[in-house]
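Below is one structure, written out as structure tokens; the observations come after it.
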Amino acid sequence: ISPVVDRSVPIAVITTRQLISKDFVTEVDEQKILKSAYLMVQYLAGSLALVTCKEPLRVSMSNHLRLLIQGNSEQQSAAIEHAIQVICADNLDLACSVVEKAATERAAKDVAEALSGLLALRTKHKERTPNQPFFDGSQLSGRPFG
């Protein structure tokens, strides 16, 4: 679980930070930003973890079952191999959902820290000029759209 989560969460957090900073460039409400960021990062991290873990997890489950069965039995048969494949197929979605859940939980924790700078700008703006519109000038790239 850990390698998949370690790879998918930072990618989801960075992607979310970039998209949120551009899509909410004029938004002053921190709660709207955080809610959107949480939803986006959880979806991205979960989907990325699910896509990257499915096949390696199936292979790992098959190998572990094969080692357990071979350690307790001397025979090697097609029936045992078929049973291993069926067990793995029946339990793969459950195992993937555990990995997906771990990734979404960790991503939700990490995204607030990644957005702390953006949220601090909005808080300062609301304190100094509460009735003025907000615009995050740090998002100007100086190049045309695209």
Side-chain angles (χ1 to χ4, degrees), residues 1-127 134-146:
I1 292 176
S2 185
V4 172
V5 172
D6 290 343
R7 280 192 311 263
S8 61
V9 168
I11 293 168
V13 168
I14 290 168
T15 303
T16 298
R17 185 185 68 218
Q18 293 299 318
L19 289 171
I20 292 291
S21 68
K22 290 180 180 20
D23 288 350
F24 291 87
V25 73
T26 60
E27 181 60 56
V28 73
D29 186 358
E30 296 97 344
Q31 293 308 312
K32 283 183 183 178
I33 294 171
L34 278 176
K35 183 177 180 181
S36 299
Y38 284 138
L39 291 172
M40 183 182 299
V41 80
Q42 288 176 336
Y43 179 78
L44 288 173
S47 296
L48 187 56
L50 185 62
V51 166
T52 58
C53 82
K54 202 164 208 157
E55 186 59 24
L57 192 55
R58 186 192 61 74
V59 169
S60 178
M61 288 170 56
S62 296
N63 290 339
H64 285 293
L65 280 171
R66 200 170 287 111
L67 286 173
L68 286 171
I69 292 172
Q70 285 177 352
N72 295 325
S73 173
E74 292 297 320
Q75 51 180 236
Q76 180 74 0
S77 71
I80 291 175
E81 190 60 35
H82 178 68
I84 289 171
Q85 291 174 1
V86 169
I87 291 169
C88 288
D90 288 348
N91 292 291
L92 185 60
D93 287 338
L94 175 63
C96 286
S97 68
V98 170
V99 173
E100 185 177 12
K101 185 174 181 347
T104 58
E105 288 174 354
R106 183 157 150 220
K109 290 177 187 175
D110 293 354
V111 76
E113 183 181 324
L115 294 175
S116 63
L118 295 172
L119 299 175
L121 282 173
R122 282 146 178 88
T123 303
K124 283 182 189 176
H125 174 76
K126 281 198 306 191
E127 290 170 355
F134 176 78
F135 182 77
D136 186 358
S138 68
Q139 296 305 313
L140 294 175
S141 63
R143 54 190 172 122
F145 297 103

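Excluded from the calculations below are hydrogen atoms, water molecules and symmetry mates; all remaining heavy atoms, backbone and side chain alike, are included. All residue numbers in this chain count up from 1 along the given sequence.
Asp110 CG to Ile14 CD1: the interatomic distance, rounded to the nearest 0.5 Å, is 10.5 Å. In this structure, the separation between CZ on Arg122 and CD on Glu127 is 14.0 Å, given to the nearest 0.5 Å. Rounding to the nearest 0.5 Å places CG of Leu19 at 11.5 Å from OG of Ser36. To the nearest 0.5 Å, atoms CD (Glu30) and OG (Ser116) are separated by 12.5 Å. Expressed to the nearest 0.5 Å, how far CG of Leu68 lies from CG of Asn63 amounts to 11.0 Å. Annotation: the span from Ile87 atom CD1 to Ile69 atom CD1 amounts to 5.5 Å, rounded to 0.5 Å.
Listed here is the closest heavy atom pair of Tyr38 and Ala112: OH-CB, 3.6 Å. Residues Val9 and Ala103 share a closest heavy-atom pair of CG2-O, 3.5 Å. The two residues Ala108 and Gln42 come nearest to each other via the heavy atoms CB-NE2, 3.4 Å. Nearest heavy-atom pair, Leu57 versus Ala95, reported as atom, atom and distance to 0.1 Å: CD2-CB, 3.4 Å. Closest approach of Val111 and Ala37 over heavy atoms only: CG2-CB, 4.2 Å. Closest non-hydrogen pair, Ser62 versus Cys88, comes out as OG-SG, 3.3 Å.
Take Arg58 and apply the side-chain hydrogen bond (donor to acceptor under 3.5 Å, both in side chains) test, not counting sequence neighbours, and it matches Glu55. When the salt bridge (charged side-chain N to carboxylate O under 4.0 Å, His left out) test is applied to Lys109, no partner is found at least two apart in sequence or on another chain. His64 pairs by the ring-ring contact (aromatic ring centres under 6.0 Å, His included) definition with nothing, not counting sequence neighbours.
Not a single donor-acceptor pair under 3.5 Å links the side chain of Thr15 to the backbone N or O of Ala12. A donor-acceptor pair under 3.5 Å is absent between the side-chain atoms of Ser60 and the main chain of Pro56, judged by distance alone. The backbone N or O of Leu44 lies less than 3.5 Å from no partner atom in the side chain of Ser47, so there is not a single donor-acceptor pair.
In this structure, Val99 and Lys54 have side chains that are not in contact, with every pair of non-hydrogen atoms separated by 4.5 Å or more. When side chains are defined from C-beta on, Leu118 does not count as touching Ile33, because their heavy atoms never get closer than 4.5 Å.
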| Could you go step by step and tell me if Arg66 and Ile80 meet the side chain to side chain contact (heavy atoms under 4.5 Å, CB included) rule? | CA-CA 8 Å; Arg66 200 170 287 111; Ile80 291 175; over 6 Å; no
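For Lys126, the NZ atom is densely surrounded, since the number of other residues' heavy atoms within 6.0 Å is greater than 12.
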